[in-house]
Amino acid sequence: MLGAVVVVFWSHVVLQGSYGLRMLEIQVPPSIMRGQPIMLNCTFDLEGDILYSIKWYKNNVEFYRYIPSDQTPGQMYPLKGIYLDSKFPHGPSIYMHKTDLTSEGTYRCEVSAEAPYFQTVMDEKELRVYVLPDRGPTIIGARSRYSIGDTLNVTCMSGPSKPPSFLEWRVNDEEVEHNKITRMSPLRHPDGLQSSMLGLQLHVLPADLRNGVLSLKCIAFISKAYLTTKNEIVATNKPKIAENHATVSHDGPIITGGRLRYAEKNVVNVNCTSVKSHPPAELRWYINDKEASRDYLRVSNPIRFPDGEESTVLGLRFTVQPRHFQRGEMRLKCVATLFKVTNMRSEEMVISSRQESSGLTVVINRNGFNSVHTSSIKLWITVFIAIFLHYR
Ligand SMILES: *[C@@H]1O[C@H](CO)[C@@H](O)[C@H](O)[C@H]1NC(C)=O
Ligand SMILES: *[C@@H]1O[C@H](CO)[C@@H](O)[C@H](O)[C@H]1NC(C)=O
């Protein structure tokens, strides 16, 4: 039994009774643009019960409580990223007139009924906040001159965004062998946005020039979250393992290496692997619903598939302390966010040898806005740098 994993399907946590209060759904959009107002709805069926309270939480912290029998039925508790409109009659729905990056998180709605059953039901969903980059990717580190046989070493950097853009290099419009690509961690800006970075190292060889031209293109895929899925391990520190009803969320990320029981000073060493997608999914680990500290995370290389899709792998490693258990339980949750590409931007650098000038020209083409659906506006900024090629 050691090494076994108990995975609990978390999409709906519903206390089921044969009658009475029933949770239907919490309606939370998967992603919103930073600043955008939102209305979240909690839909439930009282089925004859009397409503006692509706409570709203973000990342397990209560920010609003509605108790119709109270003199002031609505209570707001200030919380970072929550901007409740004071004029809106909150309750089963809440309205935020604005949002920011800290509005992101897990939203939960908890509904309780009055006596005699005092039933409580809840549901939760993830909200992601995205910010589009205000500029396309840039190729940096290009030298002013290259000779045949030189090593070209350039980096593509995307404009700051959230999530960071997914970058890809194409040489002569073809995919590049992985040994020529250097993956780098994204650049984190103080405002919470990130710039992706992807390096390319290439020996400039005569065979690379197609009709005298070598083209290097960096493509940035800009995306927004459209789905979050999760899976969870529930471990105990008790000598006897509690009976866990285990079900697996099939589209959720896969957790491996987990155990059913951990004692103090044991090392938790688990991996979470997302389903394959393009762009690759983003993974996050939570310990008892609190996002795991960055020191606990182990970033691995993604698994690449022949069709170009990737599976992200994120490890979680830490030494168990008593504080990691709540009521004898430690819940390790892995949340995968899947993205849909909304548009693409690219920058191209062309190295060409021209017979007339018996030289080599570097051209940088910057594609401004390039929507996936409508190949609309193309903004070409062309810079010509003439450099001389030294034939040996
Ligand atoms: C909540 O309900 C309102 C009114 O029916 C609707 O406009 C809004 O889109 C709903 N919110 C979500 C996240 O579905
Ligand atoms: C490429 O350039 C980066 C810095 O821009 C440097 O760290 C790296 O070592 C270089 N790689 C090669 C193969 O020259």
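Indexing begins at 1, ligand by ligand and atom by atom, following the structure's order.
Within 4.0 Å of atom 11 (N) of ligand 1, at least one protein heavy atom is present. Distance check on atom 2 (O) of ligand 2: some protein heavy atom falls below the 4.0 Å cut-off. The protein reaches atom 14 (O) of ligand 2 closely, with a heavy atom under 4.0 angstrom from it.
Heavy-atom proximity to Met39, at under 4.0 Å, picks out these atoms of ligand 1: 1 (C), 2 (O), 3 (C), 11 (N), 12 (C), 13 (C). Close contacts of ligand 2 with Gln201, meaning ligand atoms under 4.0 Å from a residue heavy atom, involve 13 (C).
Of the protein's non-hydrogen atoms, Asn41 ND2, 4.2 Å is the one closest to atom 6 (C) of ligand 1. What sits closest to atom 4 (C) of ligand 2 on the protein, heavy atoms only, is Asn153 ND2, 4.6 Å.
The side-chain tip of Lys125 does not point at the ring of Tyr107 from less than 6.0 angstrom away and within 45° of straight on. A cation-pi arrangement is not found for Lys58 relative to Phe63, the charged atom failing to lie both closer than 6.0 Å to the ring centre and inside a 45° cone about the ring normal. Seen from the ring of Tyr83, Lys98 counts as a face-on cation partner, given the 6.0 Å and 45° thresholds.
Considering all non-hydrogen atoms of both residues, Arg183 and Glu310 come closest at NH2-OE2, 3.0 Å.
Using a 4.0 Å cutoff on heavy atoms, Pro29 counts as a contact of ligand 1.
No side-chain heavy atom of Leu338 sits less than 4.5 Å from a side-chain heavy atom of Glu282.
Side-chain contact of Ser93 with Asn41: a donor-acceptor pair under 3.5 Å is present, judged by distance alone.
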